[in-house]
Student: 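The structure is given below, and queries will be raised subsequently.
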Amino acid sequence: MDKLIIQGSKRLKGTVRISGAKNACLPILAATLLTDEKCVIKNIPMLGDVFTMLKILRALGMDAEMEGGTATVKPGKKRGFVAPYELVSTMRASVCVLGPLLGKMKKAKVSFPGGCVIGPRPIDLHLKGIASLGADLDITGGYIVSKAKELRGGHIYLGGHFGSSVLATANVLMAAVLARGKTVIENAASEPEVVDLIKFLKAMGAKIQGGGSHRIEVKGVRRLKGVTFSIIPDRIETGTYMIAAGITKGDITLDGAIPDHLRCVIDRLRECGLEIKASKGSIKVKYKKPLKPMDITTLPYPGFPTDLQAQMVSLMAVTGGISIVTEKIYPERFIHISELNRMGADIKLEGPSAIIKGVKRLSGAPVMASDLRASAALILAGLVAKGRTEISRIYHLDRGYESVEKKFTSLGARIWRESD
Ligand code: EPU
């Protein structure tokens with residue numbers, strides 16, 4: 001198994017090109033199931049999760065190829081409707097083949113995705129939304145088995161205890177585009193990744209209004225066509241490098257980033273004391289003066305993203321004073337804290353809040369990555385720590401950050417991969 005080694009305490013400086021957004025391209029790849037024609041999708045990041053989605057599409061009878069950052073997907077000789085446990089269990093996002101399978105084939109058998117290290121991740125909203133389009137649903141042998149003679153539009157309230165759901169909105173949308181009549185989704189997710197999916201579906205010929213708001217209307221059409229499409233840049237990768245500039249007292253420019261997708265993050269980091277210049281297609285982040293402690297709460301978009309919570313905890317861990325970071329999407333998403341404390345951080349957990357007493361310095365240590373964003377938080381901590389940090393289980397990182405060592409090395413970091 002590979003591990004990442006970081007020799008810390010280097011100020012990072014330079015320019016990084018932001019990759020395509022993982023969480024936009026996964027549902028968009030699933031949406032290719034909705035057409036009989038070829039789709040070409042560009043700006044796809046080379047990531048573990050993307051390769052898993054391509055395997056799922058192949059298991060469903062699609063010809064799916066990836067070359068460079070471009071995926072070409074078209075129906076093969078025989079289309080299937082079973083998304084197997086072996087693949088779905090490795091990545092929760094694979095549950096979003098349910099909607100397009102039902103929409104196109106009127107039947108689907110998709111493995112139940114199960115729990116996750118960042119806490120319970122139910123799919124009740126996915127199932128409620130799909131059921132209200134008239135599909136029969138059954139959980140049998142660990143699979144969601146669903147069929148419908150015909151899907152019909154419905155009026156769906158898609159909110160849960162923690163607000164809207166990104167992938168449930170995507171799933172219901174993808175089932176509704178080929179349903180008969182009009183569907184209204186209330187409390188729909190408004191994340192940029194959902195908006196990108198809507199853009200893709202509209203390019204295919206779907207009739208959708210209200211993308212980016214919490215009320216989306218879909219008028220079902222009979223068929224959708226194949227298209228060529230380019231994925232938006234990854235706002236979470238962007239935010240991670242912005243925080244890297246802060247934690248290493250650096251000066252980093254993020255090429256290809258969309259500042260509009262990061263308004264809250266830019267606002268919070270500016271308040272923290274970083275100088276941020278945002279222009280079309282670029283964000284420049286510079287450390288100018290000692291940073292201030294912050295209180296941050298994660299919320300659905302346009303609030304502070306849960307996918308940057310762990311990285312923000314690392315930044316606050318070395319920022320003088322007391323910060324409080326509260327997690328309102330996944331209250332148990334704090335496994336990184338014990339690893340950060342091993343590096344000398346002073347963080348206590350009280351319910352869904354991390355109480356962080358900023359320390360002068362972290363010291364390098366062997367640590368273990370528990371999930372994707374926790375891995376990013378440990379890299380950031382390693383970059384600022386004195387001495388050598390060894391991060392094991394970095395396969396989590398390879399699921400969601402493209403060329404991570406290469407990008408950090410180009411900024412002047414001493415970071416490399418070793419095999420055990
Ligand atoms: N929820 C329910 N019922 C459901 C679905 C969700 O109660 O049926 C709850 C969740 O437990 C959570 C909240 O609703 O408390 C929001 O979860 P959401 O459904 O929006 O999460 P998701 O769609 O499964 C996507 C991203 C996650 C990201 C979340 C929140 C993808 C592939 N995944 O997950 O990304 O954290 O939205 O923004 O788009 C990551 O990239 O590291 C990652 C975990």
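Each ligand, and each atom within it, is numbered from 1 in the order the structure gives.
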Student: Could you tell me the residue and atom name of the protein heavy atom closest to atom 3 (N) of ligand 1, and the distance to it rounded to 0.1 Å?
Tutor: D124 OD1, 2.7 Å
Student: Applying side-chain hydrogen bond (donor to acceptor under 3.5 Å, both in side chains), run through D255 and S282 and close with a yes or a no.
Tutor: CA-CA 5 Å; D255 248 9; S282 160; 4.6 Å; no
Student: Taking side chain to side chain contact (heavy atoms under 4.5 Å, CB included) as the criterion, tell me which of I41, V73, L54 meets it with M66.
Tutor: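 Only match with M66 under side chain to side chain contact (heavy atoms under 4.5 Å, CB included): L54.
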Student: Name the closest protein heavy atom to atom 26 (C) of ligand 1, giving the residue it belongs to and the distance to 0.1 Å.
Tutor: N23 ND2, 3.6 Å
Student: List every atom of ligand 1 that sits less than 4.0 Å from any heavy atom of I123, numbering the atoms from 1 in the order shown and giving each element.
Tutor: 4 (C), 8 (O)
Student: Quick check on contacts: which atoms of ligand 1 are under 4.0 angstrom from a heavy atom of F162?
Tutor: 13 (C), 15 (O)
Student: May I have the step-by-step check of side-chain hydrogen bond (donor to acceptor under 3.5 Å, both in side chains) for E65 and T72, ending in yes or no?
Tutor: CA-CA 5 Å; E65 297 305 330; T72 304; over 6 Å; no
Student: Could you check T306 against R373 for side-chain contact (heavy atoms from CB on, under 4.5 Å), going step by step and ending with a plain yes or no?
Tutor: CA-CA 9 Å; T306 171; R373 306 305 171 187; over 6 Å; no
Student: In plain terms, say whether R333 and E327 are close enough for a salt bridge, that is, a side-chain N and a carboxylate O under 4.0 Å apart.
Tutor: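 A salt bridge is absent here (no side-chain N lies under 4.0 Å from a carboxylate O).
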Student: Take L372 and Y401 through the test side-chain contact (heavy atoms from CB on, under 4.5 Å) and record every step on the way to the result.
Tutor: CA-CA 8 Å; L372 172 56; Y401 284 91; 3.6 Å; yes
Student: Any idea which of K128, R399, R121, H126 brings a heavy atom closest to atom 34 (O) of ligand 1?
Tutor: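 Result: the heavy atom closest to atom 34 (O) of ligand 1 is in R121.
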Student: Assess whether a salt bridge exists between E350 and K348, defined as any Lys/Arg side-chain N lying under 4.0 Å from an Asp/Glu carboxylate O.
Tutor: no
Student: Atom 23 (O) of ligand 1: which protein heavy atom is closest, and how many Å away?
Tutor: L167 N, 2.8 Å
Student: Counting heavy atoms only, which of D234, I329, L127 is nearest atom 16 (C) of ligand 1?
Tutor: I329
Student: Quick check on contacts: which atoms of ligand 1 are under 4.0 angstrom from a heavy atom of T306?
Tutor: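 Counting atoms of ligand 1 from 1, those under 4.0 Å from T306 are 30 (C), 36 (O), 38 (O).
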Student: Is the shortest heavy-atom distance from the side chain of M343 to the side chain of V359 under 4.5 Å?
Tutor: no
Student: With backbone taken as N, CA, C and O and side chain as the heavy atoms from C-beta onward, which portion of R333 lies under 4.0 Å from ligand 1: side chain, backbone, both, or neither?
Tutor: side chain
Student: Taking only Lys NZ, Arg NE, NH1 and NH2, and the carboxylate oxygens of Asp or Glu, determine whether E217 and R215 approach each other closer than 4.0 Å.
Tutor: yes
Student: I'd like to know whether the aromatic ring centres of Y241 and F408 sit less than 6.0 Å apart in this structure.
Tutor: yes
Student: Which protein non-hydrogen atom lies closest to atom 43 (C) of ligand 1, naming both residue and atom, and how far is it?
Tutor: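 Of every protein heavy atom, D307 OD1, 3.4 Å lies nearest to atom 43 (C) of ligand 1.
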Student: Please identify which atoms of ligand 1 are closer than 4.0 Å to at least one heavy atom of S164.
Tutor: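 Checking each atom against S164, I get 16 (C), 20 (O).
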Student: With a cut-off of 4.0 Å, which atoms of ligand 1 are near a heavy atom of L372?
Tutor: 42 (O)
Student: So if I apply the side chain to side chain contact (heavy atoms under 4.5 Å, CB included) rule between P100 and each of T35, N171, T32, which one comes out positive?
Tutor: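 The passing option is N171.
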Student: Only one of I208, V166, I28 passes side chain to side chain contact (heavy atoms under 4.5 Å, CB included) with L197; say which it is.
Tutor: I28
Student: What is the nearest protein non-hydrogen atom to atom 29 (C) of ligand 1, stated with its residue, atom name and distance?
Tutor: Y330 OH, 3.5 Å
Student: Of the listed options (V95, V194, V166), which comes nearest to atom 25 (C) of ligand 1 when hydrogens are ignored and any heavy atom counts?
Tutor: V166
Student: May I ask which of G160, A21, P305, P122 has a heavy atom nearer to atom 7 (O) of ligand 1 than the others do?
Tutor: P122
Student: When you compare ligand 1 with L26, is there at least one nitrogen or oxygen pair between them that comes in under 3.5 angstrom?
Tutor: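 So ligand 1 has no N or O lying under 3.5 Å from an N or O of L26.
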Student: Report the part of L125 in contact with ligand 1, treating N, CA, C, O as backbone and CB onward as side chain, heavy atoms under 4.0 Å; options are side chain, backbone, both, neither.
Tutor: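 Both backbone and side chain of L125 come within 4.0 Å of ligand 1.
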Student: Within a distance under 4.0 Å of any heavy atom of A93, pick out the atoms of ligand 1 and give their elements.
Tutor: 32 (C)
Student: List every atom of ligand 1 that sits less than 4.0 Å from any heavy atom of K22, numbering the atoms from 1 in the order shown and giving each element.
Tutor: 40 (C), 41 (O)
Student: In the protein, which heavy atom is nearest to atom 42 (O) of ligand 1, and how far is it?
Tutor: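 Looking only at protein heavy atoms, the one closest to atom 42 (O) of ligand 1 is R373 NE, 3.0 Å.
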